[in-house]
Amino acid sequence: MRTERLTTYELRDGVAWLGLNRPDKRNAINKGLLAELELGVRRAQDEAQALVIFGHGPCFSAGLDLTEYPTQSAEEVYHSSRAWHAAFSLLRHGRIPAIAALHGATIGGGLELAAACHIRIADETAFFALPEGTRGIYVGGGASVHVARLLGTSRMADMMLTGRVLDAAAAERTGLVQYVVPQGEAKSKAAELAAKVSTMAPLTILGVLHALPRIQDMSEADGLFVESLMIAFTHTGPEAAARLSEFTAKRAPKVAPPSLASTVSSLPAQGPGIAAVDRAAVHSYLPGEEMYAEDNR
C-alpha cells in the first residue's frame, strides 16, 4: 500500500481504494487533502476498473476544514470552490465508476464528495447534514447541483435552513444513498459492488457515466435521441456481441426477483437433517421467460 500524508491508495483486483486519512480531524477536507484526493482519482482512472472512496477513523468526512477560510478574500473563496468542483468533476465524468463507502459523519463537504460518486453505501452509523446554512455560509463543493438532484431542492433547502440531520434510513428513503448495511459493512458491500461494475462492458459504462446524466438535462425528444445513439453504439460493440451470444446460448444467468434469487443463493446443498437441494430444479421456477422480455430464450 502507498500511504500519503492525507490519503491512502491501494489497488486490489482492479479496484482502487482511496481513503481519506485525517482521522484526528474527522477527515475534514483542506487544500492538501483535496489535492491528494484529485491525484488519487487521476491514478485510479489510469489503472483501475472501479474506485471506492472511504474514510479512515470515526467517520467518512466532517466536511470543509473551516480553519483555512476565515482569512480568505471573496475571490480566494471563489477559486477554492472552483477547485472543489474540478476535483469532484473527475469523479463524476471520469472513465470508471466511483463508489462511496460511508460511515459516521458525512456532512457538508463530505456529503458533497459522496454525492459526486455514482453509488453511495451507508452503514447504520452514517448521518448526513448540510450545516453551512447555520454557520452563515453557503455550500461550495457542488451540493447545489449534485445533492439537490438526489434529494430535490425542497429537502435540501430544509436541511440548510433548519440544520436537519438525516440518518442512514432516511437517506435511503430520500434517494441520497442506494444501500444501507449494518455497522462496519460499508466497505465490504463496496467491494462486492466494485467487483460487479468492474466486469461491465466499457461502452455500457461510458453510457451510464456520461450519457445518462446529460440526458437528464435535455428535452424529452433530445434525450430519447441520445438514448437511441447510445444503444446503437453499445449494441454493435465487440463486448455486446460476445455477451449476447452467451445469453442466447442460455449460458448467462436469468434475471430473478430479488427475494427468490437471495433464497436460492442461501440454500444449503445439504446438512444434518436436510436433504440435498436440487438447485437446477429450484431455478426452473424462476419466472425468467414469463416476466422479462430480455429473457425470452
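Excluded from the calculations below are hydrogen atoms, water molecules and symmetry mates; all remaining heavy atoms, backbone and side chain alike, are included.
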Counting only heavy atoms not in [X], do more than 12 sit closer than 6.0 Å to its [atom1] atom?
X: Gln216; atom1: CD; result: yes
X: Glu220; atom1: CD; result: no
X: Glu192; atom1: CD; result: yes
X: Asp222; atom1: CG; result: yes
X: Leu212; atom1: CG; result: yes

State plainly whether the residues Glu132 and Arg135 are in salt-bridge range, i.e. N to O under 4.0 Å.
->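 Looking at Arg135 together with Glu132, the answer is no, because their closest N to O distance does not fall below 4.0 Å.
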Who are the salt bridge (charged side-chain N to carboxylate O under 4.0 Å, His left out) partners of Glu38, not counting sequence neighbours?
->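 Salt bridge (charged side-chain N to carboxylate O under 4.0 Å, His left out) list for Glu38, sorted by chain: Arg42.
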Between [X] and [Y] (side chain of the first, backbone of the second, donor and acceptor by atom type, cut-off under 3.5 Å), is there such a pair?
X: His85; Y: Gly140; value: yes
X: Ser80; Y: Glu76; value: yes
X: Thr125; Y: His103; value: no
X: Glu172; Y: Val177; value: no
X: Gln183; Y: Glu124; value: no

So NE2 of His118 and CG of Leu51: to nearest 0.5 Å the spacing works out to 9.5 Å
If you define the side chain from C-beta out and look only at heavy atoms, does anything of [X] sit under 4.5 Å from [Y]?
X: Leu151; Y: Asp158; result: no
X: Phe60; Y: Leu111; result: no
X: Leu6; Y: Arg22; result: yes
X: Ile205; Y: Ile96; result: no

Can you name the closest pair of heavy atoms from [X] and [Y] and give their distance?
X: Asn27; Y: Leu33; answer: O-CD1, 4.5 Å
X: Ala50; Y: Val197; answer: CB-CG2, 3.8 Å
X: Trp17; Y: Lys187; answer: CH2-O, 3.4 Å
X: Pro97; Y: Leu209; answer: N-CD1, 3.8 Å

Residues passing the side chain to side chain donor-acceptor pair (under 3.5 Å) test with Arg95, sequence neighbours excluded, are none
Taking only residues two or more places apart in sequence or in another chain, which ones pass ring pair (Phe, Tyr, Trp, His ring centres under 6.0 Å) with Phe54?
->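 For Phe54 the ring pair (Phe, Tyr, Trp, His ring centres under 6.0 Å) partners, ignoring immediate neighbours, are His56.
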With side-chain hydrogen bond (donor to acceptor under 3.5 Å, both in side chains) as the test, would you mind laying out the steps for His79 and Arg82 before giving the verdict?
-> CA-CA 5 Å; His79 288 297; Arg82 296 300 286 164; over 6 Å; no
